[in-house]
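Structure record follows, encoded as structure tokens.
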Amino acid sequence: MDECIRDKIASHGNISFPKFLDLALYHPTLGYYARTDSQVGKKGDFYTSVSVGPLFGKLLARRFLDWWEGNGKPTSWRILEIGAHDGKLAVDILTTLREISSEASETLEYAISEPLPRLRKAQRERLTPIAKRLHLASSLSELSSSPLPGIAFGNEILDALPFHLVEFISEEWREVHVGIGEEGSLELSNGNHASPLCEKLGNGFPENYRTEIRTNFRAFLESVRSCLTDGLLLFIDYGFAAPEYYDTQRTTGTLRTFSKHKAAEDPLDRPGELDITAHVDFTDLARAAAQIGYFPTAFSNQGSYLTHLAKPLILSGAFEEPKTIAQFQALTHPAHLGGKFHAIELTKTGSVPPEVAHRLAL
Ligand SMILES: C[S@@+](CC[C@H](N)C(=O)[O-])C[C@H]1O[C@@H](n2cnc3c(N)ncnc32)[C@H](O)[C@@H]1O
């Protein structure tokens with residue numbers, strides 16, 4: 001991968017950071033996600049909430065069922081999971097739906113948008129025996145020709161979208177590019193003035209303040225929207241509202257690499273072998289959604305979001321098994337996944353609850 005990137009730079013000049021990420025993460029044969037060993041879970045590079053156990057999917061299934069019941073029980077509806085890895089979360093959701101409502105489960109199409117053929121194959125093997133209607137697509141546009149009412153959601157998908165790296169130098173924003181240093185290895189170098197890109201951040205940052213910025217949320221959300229006639233969008237990811245993200249104390253941004261559960265900060269270390277991510281600016285996501293007619297109706301940390309969904313189960317005494325309690329604690333405890341992750345729901349309603357607007361600094 002390193003050589004492939006150096007060849008690209010040698011023939012085209014320094015490359016932008018999103019271009020570098022496209023290659024390092026999504027190159028069809030050499031990119032990080034093309035690797036055949038599993039990236040998620042104990043043997044992989046990082047855990048997600050799915051790795052904790054089936055409770056995460058069980059709680060999401062309850063939310064989706066609630067949407068279906070509250071929206072006239074459509075006789076044909078879709079749950080679209082974006083980036084479903086090996087299909088484990090889909091199994092947990094489908095199993096729960098079948099247990100709770102055969103009507104909802106009979107009328108459901110479970111769709112997945114997953115760019116990697118290797119993962120689509122794993123998803124097909126896992127889900128064919130349990131999904132009544134399964135639609136596995138390599139891209140969102142493949143699903144847009146047959147939209148249905150329903151839900152589109154992604155767990156840890158937004159942080160995987162490429163981002164720009166920018167630095168505040170001598171009172172102005174500069175973009176950071178990837179080039180080749182004197183000794184022939186990859187290096188980060190100062191690129192173009194990035195003022196238009198960074199307009200929303202303003203000025204007054206410390207010298208050499210480095211952060212990340214995404215410009216692809218609107219295009220991404222547009223593709224997601226086109227897969228539904230109407231419905232709910234839900235994203236769960238690590239990140240914050242803009243004031244916390246771009247706090248002047250956060251001088252080195254949120255970019256992290258992950259390998260064998262160790263986090264580091266050098267994106268040029270063994271490209272293609274390590275995951276590279278950056279947190280999500282949820283304020284920016286909400287603004288991009290508003291441009292296409294979707295508005296945030298819920299935004300909270302994962303702990304509060306899942307506790308709210310779990311309330312009926314807790315009250316009915318269904319949470320007695322030690323295994324379930326341990327999963328609930330891992331998913332909701334502020335020091336574990338509950339505080340690090342946030343959940344945002346977007347719908348076409350147009351009215352944003354005041355506490356949501358406040359938390360998102362809108
Ligand atoms: C960090 S993993 C999250 C996996 C899974 N959602 C979970 O919670 O365990 C990111 C996944 O998103 C997929 N992905 C990345 N970009 C995508 C896109 N534009 N559309 C759909 N899937 C994408 C990758 O192939 C990878 O499976």
Side-chain angles (χ1 to χ4, degrees), residues 18 21-29 31-60 79-93 110-124 126-127 135-144 151-163 214-227 233-239 256-259 261 263 272 274-280 285 302 306 330-331 337 340-343:
L21 288 173
D22 254 341
L23 292 167
L25 297 178
Y26 298 111
H27 185 283
T29 52
Y32 174 73
Y33 281 113
R35 283 171 40 171
T36 50
D37 47 345
S38 180
Q39 293 107 353
V40 185
K42 200 169 173 183
K43 291 189 187 146
D45 295 322
F46 51 87
Y47 290 113
T48 70
S49 294
V50 184
S51 331
V52 170
L55 184 63
F56 184 61
K58 278 188 186 173
L59 295 176
L60 293 187
I79 293 177
L80 162 60
E81 184 177 354
I82 305 154
H85 191 57
D86 57 8
K88 231 181 240 150
L89 179 56
V91 170
D92 299 335
I93 291 171
Y110 201 94
I112 292 177
S113 158
E114 174 58 64
L116 298 175
R118 162 180 80 81
L119 293 181
R120 281 203 304 281
K121 184 167 174 278
Q123 292 158 6
R124 187 171 303 284
R126 250 206 173 110
L127 298 172
H135 193 154
L136 299 182
S138 61
S139 68
L140 291 165
S141 60
E142 226 179 290
L143 291 159
S144 62
I151 296 122
F153 81 101
N155 184 53
E156 288 207 39
I157 184 74
L158 300 174
D159 72 278
L161 297 180
F163 50 87
R214 285 190 174 87
T215 52
N216 40 17
F217 282 150
R218 183 182 166 158
F220 173 75
L221 290 171
E222 266 176 339
S223 322
V224 175
R225 179 187 61 172
S226 66
C227 302
L233 314 187
L234 165 67
F235 296 101
I236 303 178
D237 226 305
Y238 38 93
R256 297 286 177 274
T257 63
F258 287 94
S259 177
H261 301 279
L274 278 64
D275 189 22
I276 309 171
T277 79
H279 283 39
V280 173
L285 182 79
Q302 174 166 298
L306 295 183
L331 291 170
L337 303 167
K340 239 174 31 183
F341 286 78
H342 278 78

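Just so you know, ligand 1 is whichever comes first in the structure, and atom 1 is the first atom listed for that ligand. Everything quoted here is computed from the prediction, not taken from an experiment.
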For this session: First locate atom CD1 of I93, then atom OH of Y110, and finally report the distance between them rounded to the nearest 0.5 Å.
Result: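 I93 atom CD1 to Y110 atom OH measures 3.5 Å (nearest 0.5 Å).
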Problem set entry | Spacing of CZ belonging to F153 relative to CD1 belonging to I79, to within rounding of 0.5 Å |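 Interatomic distance, F153 CZ to I79 CD1, rounded to 0.5 Å: 7.0 Å.
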Problem set entry | Set of residues that line ligand 1, where lining means a heavy atom lies under 4.0 Å from it |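 Within the 4.0 Å shell of ligand 1, which is judged on heavy atoms, sit Y26, Y33, F46, T48, V50, I82, G83, H85, S113, E114, P115, L116, L119, N155, E156, I157.
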Exercise. With respect to P54, which candidate in V91, L89, D92 satisfies the side-chain contact (heavy atoms from CB on, under 4.5 Å) definition?
Worked result: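 In the set V91, L89, D92, the residue that makes a side-chain contact (heavy atoms from CB on, under 4.5 Å) with P54 is D92.
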For this session: Would you indicate whether the side-chain heavy atoms of I112 and L80 approach each other to under 4.5 Å?
Result: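 They are not in contact (no side-chain heavy atoms under 4.5 Å apart), so the answer is no.
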Exercise. Under 6.0 Å between ring centres, would you say that holds for Y47 and H261?
Worked result: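 So the answer is yes for these two rings.
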For this session: Sequence neighbours left out, what passes salt bridge (charged side-chain N to carboxylate O under 4.0 Å, His left out) with R120? Give chain and number order.
Result: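 With sequence neighbours excluded, R120 shows a salt bridge (charged side-chain N to carboxylate O under 4.0 Å, His left out) to no residue whatsoever.
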